[in-house]
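Have a look at the structure below before the remarks.
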Amino acid sequence: MKLLRWAAVALVGAVVVVAAAYAVFAGVLIGSDVASYSSDGVTVSDLAYEDALDRADAAGYEVERVGSSGFHPAGIAELDADLGPEYEAFRVTFDHSEATRLWATFYADEGVTVVTVFADGNRGEFTVDDLPPEEWLVDRLTTLFEMDEATAAGDVEELQANVRDAEPDELEAGAPEIRIEEPVAFRATYDELTARATTVTERSVPGSGQHTREYYAGGARLGAIDFVLSRATVTHEVDGYTYRVHLDYHGGIEVDAQTRASRSFEEADVRATFRRMFEEMGIPPETADHLRLEYRGSVW
């Protein structure tokens, strides 16, 4: 009898565990079963960025300022005027040719810059011969960082060694990189690209804060600088619905919204909510009518 009793207890325990597992799994499914809208980006000219955030806060919305891994270069008045007093430099690109370029991506909180070499068409079998000439690499590093030629040459040797030692199946095999902890000479880099360029183009992704300047001389691209403008997300949550407005210093705006897939979620209601949010933030409410909304239903 004791054996039967223990067997029954074990069976009940197993049933409870299985039921709990199914309950957890069902909760995950339900929690993941959402419907959403997302938009393209639009730009509202003359948007008062800080005023819009202050008004959003006063209206009771959650305001989250979003940074980047980059840093704000001090003392460049023309960039402060064009990009705002809190823009950040995120990456510098130097083009050696149409097919080969050097990226320097800034991770200011770590005090590190990751320098990566890309060669178009390379399929992971990167060799030292695929690198730009050593003289060019040294010149670019001494421009970009506060370092002398001997230090730059040592970094180039490390890059070459990484290429020789990389296994073909390693993630970085097709794009070798090194980490440099020397201070970034951003002003010198910016001044050099500006002085050499005959044409400078600009492009942005509205609402994301992403802003790129590309520098050309005689039709050939010299390089580019990727900036991140001041940007923020304004969130409004009501009755199980979440509405978010993403805006940046240049007046770029994009939105998204989500709720449980089982709930009513009509586009007209979503636009009406964003119209009210825009009005309270000092953004022309008709901006909501110019957004192209894309709906994604249940994933199950």
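Just so you know, these numbers use all the heavy atoms, side chains as well, and skip hydrogens, waters and symmetry mates. Treat the numbers as computed from the prediction; the structure is a model and nothing was measured.
- Judged by distance alone, the side chains of D256 and H246 do bring a donor and an acceptor atom under 3.5 Å apart.
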Run the numbers on D82 and F227 for side-chain contact (heavy atoms from CB on, under 4.5 Å), then give the verdict.
CA-CA 11 Å; D82 292 344; F227 299 98; over 6 Å; no
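- A salt bridge links R271 and E267; the closest N-O separation between the charged side-chain nitrogens and carboxylate oxygens is under 4.0 Å.
- Rounded to the nearest 0.5 Å, atoms CD (E146) and CZ (F186) are 13.5 Å apart.
- Atom CE in M281 sits 7.5 Å away from atom CG in L47 (nearest 0.5 Å).
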Worked check of side chain to side chain donor-acceptor pair (under 3.5 Å) between E88 and S68
CA-CA 7 Å; E88 294 180 338; S68 77; 2.4 Å; yes
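- Connection of V200 to L222 is established within a shared hydrophobic cluster, with ILVMFWY side chains joined at heavy-atom distances below 4.5 Å, either directly or through further cluster members.
- Atom CG of D148 and atom OG1 of T151 lie 3.5 Å apart (nearest 0.5 Å).
- No side-chain donor from either of T142 and E149 sits under 3.5 Å from a side-chain acceptor of the other.
- Looking at R231, its side chain does come within 3.5 Å of a backbone N or O of S208 through a donor-acceptor pair.
- Under the 4.5 Å side-chain heavy-atom criterion for Ile, Leu, Val, Met, Phe, Trp and Tyr, V184 and V114 are members of distinct hydrophobic clusters.
- Taken from CD in E157 to CG in L137, the straight-line distance is 12.0 Å, to the nearest 0.5 Å.
- In this structure, D226 does not pair ionically with R213, as no charged nitrogen and carboxylate oxygen lie closer than 4.0 Å.
- Between the R140 side chain and the F94 main chain, no donor and acceptor come within less than 3.5 Å of each other.
- Partner of P132 under the side-chain contact (heavy atoms from CB on, under 4.5 Å) criterion, out of T100, D95, L102, D139: T100 alone.
- In this structure, T287 contributes its side chain and I283 its backbone to no donor-acceptor pair below 3.5 Å.
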Take R179 and E181 through the test salt bridge (Lys or Arg N to Asp or Glu O under 4.0 Å) and record every step on the way to the result.
CA-CA 7 Å; R179 297 167 64 88; E181 297 182 0; over 6 Å; no
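- Taking the six-membered ring for Trp and thresholds of 30 and 60 degrees, F265 and Y241 have ring planes inclined between 30 and 60 degrees apart.
- In this structure, E280 does not pair ionically with R55, as no charged nitrogen and carboxylate oxygen lie closer than 4.0 Å.
- Aromatic ring orientation, Y37 versus Y295: tilted (interplanar angle from 30° to 60°).
- Between Y243 and F274, the ring center distance clears the sub-6.0 Å criterion.
- With hydrogens and angles left out, the side-chain atoms of D191 and T194 include no donor and acceptor closer than 3.5 Å.
- Side chain of S204 to main chain of P206: no donor-acceptor pair is present (N/O by atom type, distance under 3.5 Å, no hydrogens or angles).
- Using a distance-only test at 3.5 Å, with no hydrogens or angles considered, no donor-acceptor pair links the side chain of R164 to the main chain of V128.
- Remark: the R91 side chain and the T105 side chain contain an N/O donor-acceptor pair separated by less than 3.5 Å.
- The closest donor-acceptor contact from the side chain of Y249 to the backbone of V228 lies at 3.5 Å or more, if one exists at all.
- Residue V112 is not grouped with residue F106 when hydrophobic side chains (ILVMFWY) are merged at heavy-atom distances under 4.5 angstrom, including chains of intermediate members.
- Between atom CZ of residue R244 and atom OG1 of residue T233 there is a gap of 8.0 Å, rounded to the nearest 0.5 Å.
- Expressed to the nearest 0.5 Å, how far CD1 of I225 lies from NE2 of H211 amounts to 10.0 Å.
- For R292 and S39, the side-chain atoms include no donor-acceptor pair closer than 3.5 Å.
- At distances below 3.5 Å, at least one donor-acceptor pair connects side-chain atoms of T198 with backbone N or O atoms of Y216.
- No side-chain heavy atom of T259 sits under 4.5 Å from any side-chain heavy atom of T242.
- Taking hydrophobic clusters as Ile, Leu, Val, Met, Phe, Trp and Tyr residues chained together by side-chain heavy-atom distances below 4.5 Å, F90 does not share a cluster with I76.
- Side chains of H72 and E86: a donor-acceptor N/O pair is absent below 3.5 angstrom, by distance only.
- Under a cut-off of 6.0 angstrom, the local environment of CD in E192 is crowded, with over 12 non-hydrogen atoms contributed by other residues, nucleotides or ligands.
- In terms of hydrophobic clustering, with Ile, Leu, Val, Met, Phe, Trp and Tyr side chains grouped at heavy-atom distances under 4.5 Å, Y107 and I178 are assigned to different clusters.
- In this structure F118 satisfies the ring-ring contact (aromatic ring centres under 6.0 Å, His included) test together with W103, sequence neighbours excluded.
- Within a 6.0 Å sphere centred on CD of E286, heavy atoms belonging to other residues, nucleotides or ligands number more than 12.
- Looking at heavy atoms from C-beta onward, R203 lies out of side-chain contact with T201 at the 4.5 angstrom threshold.
- The shortest distance between side-chain heavy atoms of T235 and V245 does not fall below 4.5 Å.
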